[in-house]
Amino acid sequence: MAENPVLPVYKEIEEQSEATIRFCGDSGDGMQLTGSQFTQTTAIFGNDLATLPDYPAEIRAPAGSLAGVSGYQVHFSSHDIRTPGDAPDVLVAMNPAALKTNLGDLKEGGILIVNSDAFTANNLKKAGYATNPLEEGGMAKYRLHAFPITTLNTKALEGSPLTKKDVERCKNFFALGLMLWMYGRPMDVSLEWINKKFGAKPDLAEANKMALRGGYNFGETTDLVKKHYYIAKAKLPAGIYRNVTGNEATAFGFIAAAQLADKELVYASYPITPASDVLHELSRHRHLNVKTCQAEDEIAAAGMALGAAFTGAVGLTGTSGPGLALKSETVSLAIMMELPLVIINVQRGGPSTGLPTKTEQSDLLQAMYGRHGESPLAVIAPATPGDCFSMAIEAVRIAIQYMTPVIFLSDGYLGNSSEPWKVPDFDKIPKIHVEHYKDAASFLPFLRDPKTLSRPWAIPGTPGLEHRLGGIEKQENTGNVNYEPLNHEKMVLVRQAKIDGIAQSIPLLEVFGKEAGDILVIGWGGTYGAITSAVEMLQKRGIAISCIHLRYLNPFPSNLKKILDNFDTHIVAELNLGQLASILRGRFGVDIQSITKVQGKPFKTDELIEGIFKIARSRGEPKWQENSLASPH
Amino acid sequence: MAENPVLPVYKEIEEQSEATIRFCGDSGDGMQLTGSQFTQTTAIFGNDLATLPDYPAEIRAPAGSLAGVSGYQVHFSSHDIRTPGDAPDVLVAMNPAALKTNLGDLKEGGILIVNSDAFTANNLKKAGYATNPLEEGGMAKYRLHAFPITTLNTKALEGSPLTKKDVERCKNFFALGLMLWMYGRPMDVSLEWINKKFGAKPDLAEANKMALRGGYNFGETTDLVKKHYYIAKAKLPAGIYRNVTGNEATAFGFIAAAQLADKELVYASYPITPASDVLHELSRHRHLNVKTCQAEDEIAAAGMALGAAFTGAVGLTGTSGPGLALKSETVSLAIMMELPLVIINVQRGGPSTGLPTKTEQSDLLQAMYGRHGESPLAVIAPATPGDCFSMAIEAVRIAIQYMTPVIFLSDGYLGNSSEPWKVPDFDKIPKIHVEHYKDAASFLPFLRDPKTLSRPWAIPGTPGLEHRLGGIEKQENTGNVNYEPLNHEKMVLVRQAKIDGIAQSIPLLEVFGKEAGDILVIGWGGTYGAITSAVEMLQKRGIAISCIHLRYLNPFPSNLKKILDNFDTHIVAELNLGQLASILRGRFGVDIQSITKVQGKPFKTDELIEGIFKIARSRGEPKWQENSLASPH
Amino acid sequence: MAGELASIPALTRKDFVSNQDVRWCPGCGDYAILAQIQKVLPELGIPREKFVFVSGIGCSSRLPYYVNTYGLHTIHGRAPAIATGVKVANPDLAVWVITGDGDALSIGGNHLIHALRRNVDLKILLFNNRIYGLTKGQYSPTSEIGKKTKSTPHGSIDYPMHPISIALGAEATFTARTIDSDTGHLGKILTEAAHHKGSTFVEIYQNCVIFNDNAFQEVTDRDTRADNTITLEHGRPLIFGKDRNKGIRLKGMTPEVVTLGENGVTEQDLIVHDETLADSTYAFLLSRFEPPHFPVPLGVFRSIQRPTYEDMLTAQIKKAKEKKSSELKNLLYGSETWTVAE
Amino acid sequence: MAGELASIPALTRKDFVSNQDVRWCPGCGDYAILAQIQKVLPELGIPREKFVFVSGIGCSSRLPYYVNTYGLHTIHGRAPAIATGVKVANPDLAVWVITGDGDALSIGGNHLIHALRRNVDLKILLFNNRIYGLTKGQYSPTSEIGKKTKSTPHGSIDYPMHPISIALGAEATFTARTIDSDTGHLGKILTEAAHHKGSTFVEIYQNCVIFNDNAFQEVTDRDTRADNTITLEHGRPLIFGKDRNKGIRLKGMTPEVVTLGENGVTEQDLIVHDETLADSTYAFLLSRFEPPHFPVPLGVFRSIQRPTYEDMLTAQIKKAKEKKSSELKNLLYGSETWTVAE
Ligand SMILES: Cc1ncc(C[n+]2csc(CCOP(=O)(O)OP(=O)(O)O)c2C)c(N)n1
Ligand SMILES: Cc1ncc(C[n+]2csc(CCOP(=O)(O)OP(=O)(O)O)c2C)c(N)n1
Ligand code: SF4
Ligand code: SF4
Ligand SMILES: [Mg+2]
Ligand SMILES: [Mg+2]
């Protein structure tokens with residue numbers, strides 16, 4: 001673990017409790033790498049943090065174009081934080097296009113670092129600037145540092161045997177060095193990473209190190225930067241930590257779940273943004289009994305996973321919205337066959353191809369209802385990147401215990417953003433109990449466990465248990481094809497009752513805040529950080545507000561209704577047009593208000609606070625009219 | 001038109017106001033034909049009527065098996081009726097299997113006609129009878145007529161040059177003849193049909209005619225049948241009538257709609273029960289500018305129809321539940337492209353393959369929500385077989401006027417059952433106004449009509465209007481690819497607003513009964529007949545009950561909320577587990593009770609009355625506790 | 001599975017008959033195919049519980065219900081994908097796919113070609129009756145052009161597919177054709193299919209008595225059969241005909257029917273059937289044969305060996321395990337961790 | 001459309017350039033293909049408004065945005081079906097399909113083969129870069145076995161598909177191959193494709209500089225190109241090689257590479273390319289050619305004429321109209337009506 005570095009003495013140090021930095025530049029500028037390197041160092045240093053990468057939809061939009069801007073935001077602090085930050089305190093913009101698309105977000109008075117070398121006439125034009133914005137009045141509200149980073153970097157690399165182009169490509173490490181210096185962070189983590197990455201190409205390794213040190217030294221020596229900042233370690237629960245993105249944690253969680261169930265994991269998927277990284281991650285771990293198949297399409301992927309589930313493996317498939325639509329017929333078959341198929345859906349902006357690289361929570365209704373016939377299944381949603389790990393295990397646990405398909409609703413924000421994750425002690429996680437039926441004499445494929453209503457999982461290879469499953473309605477107990485009217489109704493009802501019964505096996509909801517009060521904010525999925533942060537801020541101002549976060553969406557935790565009844569105003573905040581809100585109204589007949597946002601972006605804490613205020617005021621609560629409360633900042 | 005026949009004088013005639021007859025037998029026995037011939041004659045005679053065919057799922061299950069039983073029920077009367085009848089007054093059972101599966105439905109005291117020749121040891125065994133039921137006490141509650149129909153028919157056909165097997169196959173016409181006699185119906189319609197059908201095979205024609213006459217004469221001469229029945233003509237609105245099934249009326253409606261819009265109809269579909277008949281019907285009418293394509297699957301079918309819609313045709317695709325699941329990604333694309341794609345979904349029992357030949361209303365949630373992202377579209381549902389015609393025209397009207405996909409939710413019951421249909425005067429149906437944009441100077445692909453919010457329909461071949469549509473989010477007005485956060489939100493909201501705005505163009509709901517009262521029963525789709533019949537019966541008993549029937553499900557008619565508010569108790573009756581009920585609760589936050597049935601069968605009037613009573617009683621209305629009301633019969 | 005052979009009590013046909021009533025139309029060709037399957041299975045030396053029959057939807061796809069093994073009657077067109085999942089998860093199982101011409105070639109075309117090209121060890125039996133049976137008589141991808149059916153009252157305008165051509169185009173390692181009415185040949189081909197390791201594609205001409213009766217009359221009729229079919233036998237020249245005096249020879253790439261003894265043609269001039277050719281072109285050539293110009297080939301068109309998908313996957317796992325410890329901890333901790341102390 | 005030719009003002013390349021910024025990676029092979037399309041279109045004598053470009057999803061499928069015609073950028077794999085709908089509804093339009101190896105052969109395989117076998121008059125251009133570009137580098141159905149990609153870090157275990165083999169197996173009436181880097185040949189093949197009436201399948205080798213750079217090096221490298229490719233020309237013998245001294249001849253059904261002048265081999269011994277053969281076997285043979293044993297054929301493999309789907313449909317409509325009145329009333333009344341009087 002890295003220790004606090006000895007801070008250089010000859011510049012002013014300002015202590016802060018938190019900061020948000022955004023690196024942005026052309027897709028070719030390596031901003032994702034810069035951001036994640038800064039994050040790694042910061043994490044190891046001991047801050048709490050959260051990140052938000054933001055890729056363009058194009059692979060490589062033309063260099064310098066607005067469409068080609070790539071960004072990476074990191075929010076780090078000396079206390080517990082849960083979001084990647086509303087607005088950056090520091091913006092590093094490597095070219096005019098990056099400046100143009102990101103400047104609007106920078107806080108007033110924030111630090112703006114730009115690579116002035118990139119502000120050529122050509123680049124300005126590509127970004128749609130008529131004149132050089134650095135020379136305009138508009139910059140006055142920021143602390144602008146326009147450095148010729150390309151030139152400085154080239155100087156720092158003098159003597160490198162690399163080509164000019166390759167030298168130039170190191171400039172992101174120069175920027176990284178500068179930022180490390182600015183926040184008093186050591187370089188060792190990145191130096192080591194460079195060694196590992198470019199081990200085979202010593203010239204490249206050396207150049208990148210020179211760039212990194214160059215940036216760092218430039219900060220230390222230049223007169224243009226007057227001070228740097230110090231953000232103390234956060235008091236995190238003791239343990240071993242690592243950074244993890246939601247997609248990584250998802251992959252890890254399913255591998256862990258399979259091991260907990262003592263099963264092989266079969267993951268069949270068809271690539272689709274933002275779910276592909278789960279496939280990539282899982283593909284790497286053949287040594288952990290993970291079989292991955294890139295199927296010909298999403299339907300085949302679901303089919304393969306279903307076939308695997310029949311065979312006794314953990315059958316998993318993963319996709320994003322359009323792929324979930326395609327899988328629905330197969331999922332309906334899994335419901336009828338009552339097999340433990342798990343479906344990951346990493347949501348993105350819709351409808352149709354929509355905003356493929358952006359986040360949204362608009363597949364909830366599809367997950368709940370997007371199948372023909374009465375076809376209930378379990379739906380769960382992780383709340384944070386790290387929670388993806390735990391909920392993946394829950395998905396497999398529920399699927400196997402109840403012999404049902406389970407939809408695991410992640411989203412692009414969860415999938416791509418990272419947070420420090422306290423690595424769980426695998427040995428302490430409860431095993432997933434699996435019992436494959438063996439007794440031929442008593443076997444009936446659809447004889448139900450009286451408690452869970454689930455049917456036996458009898459797998460091929462077991463002598464005497466040969467049986468056929470199909471999509472046609474089946475006779476109770478025997479599972480034979482059956483078209484009788486009353487049998488059908490019985491089966492429809494029992495499939496529903498089985499899913500409803502899962503509520504008995506899931507944890508009760510915990511209220512964040514007091515158990516009763518004026519306002520209850522309800523969230524689900526990846527909005528956890530933003531919602532709890534907003535609610536916490538309002539609680540601190542003495543408002544009787546609490547929140548709950550639904551990680552189990554079908555069925556709901558059994559104490560949900562009771563909690564709803566303890567509050568006057570219920571607000572669902574979600575990244576769609578009010579999907580959970582309408583489900584809750586339909587289920588419980590309670591009055592629900594909605595805060596919605598459908599912009600392909602996560603909630604900002606501020607937006608939520610404003611939204612809550614607006615609703616509260618419109619509902620006429622006098623205390624919300626007070627001036628002190630009306631403007632939260 | 002057939003006049004009332006001169007009734008034979010030497011048997012007693014009982015006048016009745018209505019009757020329900022069910023013909024049942026082995027799939028090979030020709031029961032569908034027998035039923036539809038009886039229906040045709042009855043319709044032409046002038047009764048009101050409704051029918052319910054009931055096919056087995058197997059093509060030809062083994063002769064004599066329970067799985068192979070096929071039935072056809074017809075309800076006819078001298079007054080207005082809307083359902084095929086709860087329970088038959090007369091059951092014609094051609095073999096033991098048919099008796100076994102149908103006897104339970106026969107009214108106590110009902111007439112039971114069986115072909116005693118078919119009650120061989122072998123057939124009894126296939127039907128699972130240990131002993132001959134005709135010789136058991138259980139028959140006492142029916143008026144049993146066990147005739148050796150096979151033998152009688154063979155006698156009637158003496159001298160026919162046909163083979164023994166072919167002679168035997170005529171026995172359904174013998175049974176038909178007997179029933180025609182029993183209800184005092186003329187034979188001319190069937191005789192003429194036989195002429196047409198078997199014109200090329202005079203021996204066959206002659207044999208069938210002899211069988212028909214044989215049955216008729218047998219009725220007239222045998223001592224075993226003491227009386228026959230007379231059901232006077234119904235007072236139907238004046239006009240020219242024909243029988244029509246829902247699937248036929250659907251096909252006719254879409255052909256008419258295309259003509260009203262002065263367009264070609266392109267129907268792309270993949271066969272699936274119970275929607276295939278729409279394809280079959282449409283395929284026959286090439287001369288009416290109908291292009292039909294049997295696609296390789298449902299996805300392709302939706303795609304072809306979408307391509308056709310882009311091109312300026314009426315683009316139509318049709319399927320049943322599993323196929324709708326497959327089409328959902330393409331429908332989502334149509335939402336994004338804002339093209340007028342119409343999707344027919346003839347619902348059947350689900351989930352998965354479910355009960356493919358049975359009816360259900362369980363695809364409503366899928367139709368509403370079964371797509372990724374925020375993807376609203378219009379959903380409508382015909383109420384009766386004949387209404388399929390009108391709603392088909394509405395589907396096309398809405399699709400074109402609002403440039404939106406429309407889902408037309410029919411069901412297996414509507415599709416297969418028939419009713420007399422007053423043929424509309426085509427010249428009086430309002431035209432569907434279509435305007436293809438032409439002006440290149442002012443053209444913007446997503447510039448909206450301020451009233452409807454719909455965008456221009458500019459079709460390939462129009463010079464100067466070349467443009468590209470895609471599934472990625474688009475900039476308002478221009479339709480260019482656009483990933484900006486606020487633009488996305490704007491577009492999501494405007495697509496929703498456009499669909500909501502359709503409410504302005506649809507007729508207000510009419511209340512069946514008083515505008516306010518204690519109980520409001522709410523139905524949708526093919527349950528219209530059963531619900532209105534039940535409510536009418538309760539109204540006649542002085543209960544303050546009304547009903548509404550939703551033919552427009554998204555958006556709802558604009559006066560729905562107001563109507564709901566005028567009643568204390570709201571009951572949705574539907575053939576699923578409460579899908580519309582949960583939508584209404586979610587939308588309007590009102591308390592809704594449910595009557596549900598998921599048996600692959602339509603509601604019976606009695607079941608509804610009982611269900612309404614149960615709810616009313618449970619809600620403690622004292623007057624519902626009265627004895628007189630408690631037992632509706 | 002070899003090791004277990006000794007311990008298996010001899011199975012009989014009866015062991016493979018399930019307790020479900022068979023519900024095809026009387027006279028349907030499916031009965032004959034079912035009977036042959038039930039005859040062949042016990043002869044394979046594989047324990048009954050290791051068989052999995054996977055089907056889609058269609059009359060043909062009901063077959064798994066009637067075979068007393070593990071089975072999945074799935075959804076329309078998806079059987080090859082679902083069967084792939086079964087085989088990948090447990091390569092020790094013997095997985096058979098039952099499908100129809102609509103199920104395999106219309107809605108399921110894509111899964112079929114991908115299962116074939118991956119060389120997953122599935123025995124795929126396509127019951128080709130050139131019609132949609134279960135949905136009561138619409139034309140299928142193998143129906144002849146101009147065919148009048150419920151959905152094509154004016155005649156079909158789709159050119160038919162040749163199932164074996166498409167299978168070869170999709171890199172299938174085993175392709176064969178047989179027919180319901182010739183139970184001896186059917187049984188023989190099923191046995192050969194069972195013994196092939198890798199994706200195995202068998203087209204079975206099957207008569208649908210209700211909606212497409214006698215579709216294969218020209219190849220089943222006693223009178224014309226011998227002249228309209230040719231039985232492929234490995235290593236034997238392509239000879240056919242009632243009098244076994246017709247043969248096929250090549251003229252450049254173009255095949256022609258010749259009469260032995262006429263114009264000096266002898267057996268030596270004829271193509272000798274070789275099912276093991278690495279290049280699939282010859283098999284493709286055969287797949288184009290159609291009456292009236294050519295006889296319909298029955299038998300194994302091609303049978304070659306290459307590693308199967310599931311074996312390669314298993315090998316990757318084995319190799320990866322040799323290299324890396326299967327400790328989950330290593331994965332969870334990753335390469336960069338830090339410790340927060342109490 | 002022929003009749004309108006006279007009235008069309010001459011179009012130029014510019015007329016086919018849309019106002020959208022092209023957003024492929026610098027150096028992507030898609031640019032060259034776009035440029036050739038924009039060059040060929042104005043030469044066809046078809047009014048601009050009659051073109052419709054339909055694509056699926058992928059880098060390649062962005063192309064319609066850049067061509068100033070009518071266009072649909074649809075969903076992954078479905079372009080052939082959607083384009084079929086366009087063509088069926090309005091046969092007067094010139095419909096082009098732009099697709100990638102994943103779009104056409106993975107998720108879209110079924111629509112592709114059905115559009116081909118129906119002989120719908122679509123110009124289908126498959127941009128084959130043997131990788132998934134847009135989703136950032138997973139292997140595709142045309143990737144070589146063993147390929148390491150993001151989704152196959154241990155190497156792919158799927159045998160690759162041969163696009164032209166599968167197209168021929170699916171009864172395509174026009175199949176050709178060309179390459180992004182040889183713009184002359186590319187333009188020529190696009191022109192031939194444009195003039196073919198019926199389903200037209202063109203495989204275009206396309207370099208993805210980011211995720212699969214130099215995938216076609218052996219056929220593009222100056223040094224090896226001549227030895228690794230063979231240009232198909234109708235009526236000309238199959239000759240290739242830097243010194244144009246290599247040729248292909250048949251030995252039975254087996255092709256072999258021979259050197260002219262060696263062992264007495266002359267041009268007369270070589271296969272003469274014939275793209276019009278009714279039997280698709282010869283074209284199939286060519287589709288199996290691969291380095292190192294055989295050169296990659298570039299050019300038109302096969303081009304035959306048969307009635308198109310949309311023409312047959314139109315003909316049915318015309319015929320039906322001749323027979324039956326198009327009065328809707330006849331349909332609505334049907335054959336059996338009765339009157340209820342006031
Ligand atoms: C998604 C879906 N689409 C359509 C159907 C209806 N369907 C069932 S079987 C079938 C075709 C059957 O033809 P084939 O595969 O040739 O089998 P056969 O009945 O002839 O043996 C169709 C279209 C379905 N069950 N599911
Ligand atoms: C239903 C669906 N599944 C997956 C995707 C993700 N996706 C987009 S393009 C693509 C593959 C692109 O490969 P290819 O067709 O070869 O085109 P290229 O980008 O290489 O030109 C995939 C998997 C999607 N958009 N929709
Ligand atoms: S319909 Fe045809 S294929 Fe189906 S069971 Fe009957 S005969 Fe066999
Ligand atoms: S990723 Fe490859 S195919 Fe896509 S635009 Fe870039 S170079 Fe072209
Ligand atoms: Mg078939
Ligand atoms: Mg590609």
Side-chain angles (χ1 to χ4, degrees), chain C residues 77 105-114 116-119 141 145-146 152 154-171 173 250 252-255 271-272 274 277-282 284-288 306-313 315-317 319-320, chain D residues 77 105-114 116-119 141 145-146 152 154-171 173 250 252-255 271-272 274 277-282 284-288 306-313 315-317 319-320:
Chain C
L105 297 173
S106 195
I107 191 167
N110 205 33
H111 308 303
L112 177 71
I113 62 181
H114 282 274
L116 292 177
R117 75 150 175 127
R118 288 191 189 108
N119 201 30
I145 196 156
T152 52
H154 298 264
S156 154
I157 55 173
D158 292 32
Y159 296 97
M161 280 189 167
H162 295 67
I164 297 193
S165 296
I166 201 91
L168 290 166
E171 320 290 328
T173 57
L250 272 183
M253 292 263 331
T254 314
I271 303 177
V272 174
D274 184 351
L277 290 177
D279 185 336
S280 52
T281 302
Y282 162 63
F284 189 86
L285 176 89
L286 294 177
S287 78
R288 311 306 296 172
R306 36 163 72 172
T308 65
Y309 183 83
E310 65 278 8
D311 281 354
M312 287 191 276
L313 184 56
Q316 286 191 344
I317 289 189
K319 202 170 135 200
Chain D
L105 298 173
S106 195
I107 192 168
N110 205 32
H111 308 304
L112 178 71
I113 62 181
H114 283 274
L116 292 177
R117 75 153 176 125
R118 287 191 190 108
N119 200 31
I145 197 156
T152 52
H154 298 263
S156 153
I157 54 174
D158 293 33
Y159 296 97
M161 279 191 168
H162 295 68
I164 298 194
S165 296
I166 201 93
L168 289 166
E171 320 290 330
T173 57
L250 273 182
M253 292 262 332
T254 314
I271 303 177
V272 175
D274 184 350
L277 290 176
D279 185 336
S280 52
T281 303
Y282 163 63
F284 189 85
L285 177 88
L286 293 176
S287 77
R288 311 305 297 172
R306 38 161 73 172
T308 65
Y309 183 83
E310 64 278 10
D311 281 355
M312 286 191 276
L313 184 55
Q316 287 191 343
I317 290 190
K319 202 168 135 200

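Below, chain A is the first sequence line, B the second, and so on; all start at residue 1.
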Determine yes or no for a side-chain-to-main-chain donor-acceptor pair under 3.5 angstrom, with D:Asp158 supplying the side chain and C:Arg117 the backbone.
-> no

Proximity breakdown for D:Leu105 and chain C, heavy-atom pairs closer than 4.5 Å = backbone

Given a strict heavy-atom distance threshold of 4.5 Å, which part of C:Ile157 is in contact with chain D: side chain, backbone, both, or neither?
-> both

Results of side-chain contact (heavy atoms from CB on, under 4.5 Å) for C:Asp279 - residues two or more places apart only = C:Thr281, D:Pro255, D:Leu285, D:Arg288

Picking from C:Pro141, C:Gly77, C:Ala167, C:Ser165, which has the most non-hydrogen pairs under 4.5 angstrom with chain D?
-> C:Pro141

Max heavy-atom pairs within cutoff under 4.5 Å with chain C, candidates D:Gln316, D:His111, D:Lys319, goes to D:Gln316

For chain C, which of D:Gly109, D:Gly108, D:Gly252 has the most heavy-atom pairs under 4.5 Å?
-> D:Gly109

Looking only at atom types and distance, does a side-chain atom of C:Asn119 sit under 3.5 Å from a main-chain N or O of D:Tyr159, one as donor and one as acceptor?
-> no

Taking the side chain as every heavy atom from C-beta outward, state whether C:Ile113 and D:Met161 have any atom pair closer than 4.5 Å.
-> yes

So, do C:Ile145 and D:Met312 sit near enough that their side-chain heavy atoms are less than 4.5 Å apart?
-> yes

Report the distance from atom CG of D:Leu286 to atom NE2 of D:His162, rounding to the nearest 0.5 Å.
-> 12.5 Å

Greatest number of non-hydrogen atom pairs under 4.5 angstrom with chain C, of D:Pro307, D:Ala170, D:Ser287, D:Ala315, falls to D:Pro307

Contacting moiety of D:Ile107, where chain C heavy atoms sit under 4.5 Å = backbone

With sequence neighbours left out, write down each residue that passes ring-ring contact (aromatic ring centres under 6.0 Å, His included) with D:Tyr282, or none if nothing qualifies.
-> D:His273

Can you tell which part of D:Thr254 gets under 4.5 Å to a heavy atom of chain C, answering side chain, backbone, both or neither?
-> neither

Under 4.5 Å from a heavy atom of chain C, the part of D:Leu313 involved | both

Under a 4.5 Å heavy-atom cut-off, does chain D meet the side chain of C:Ser280, its backbone, both or neither?
-> both

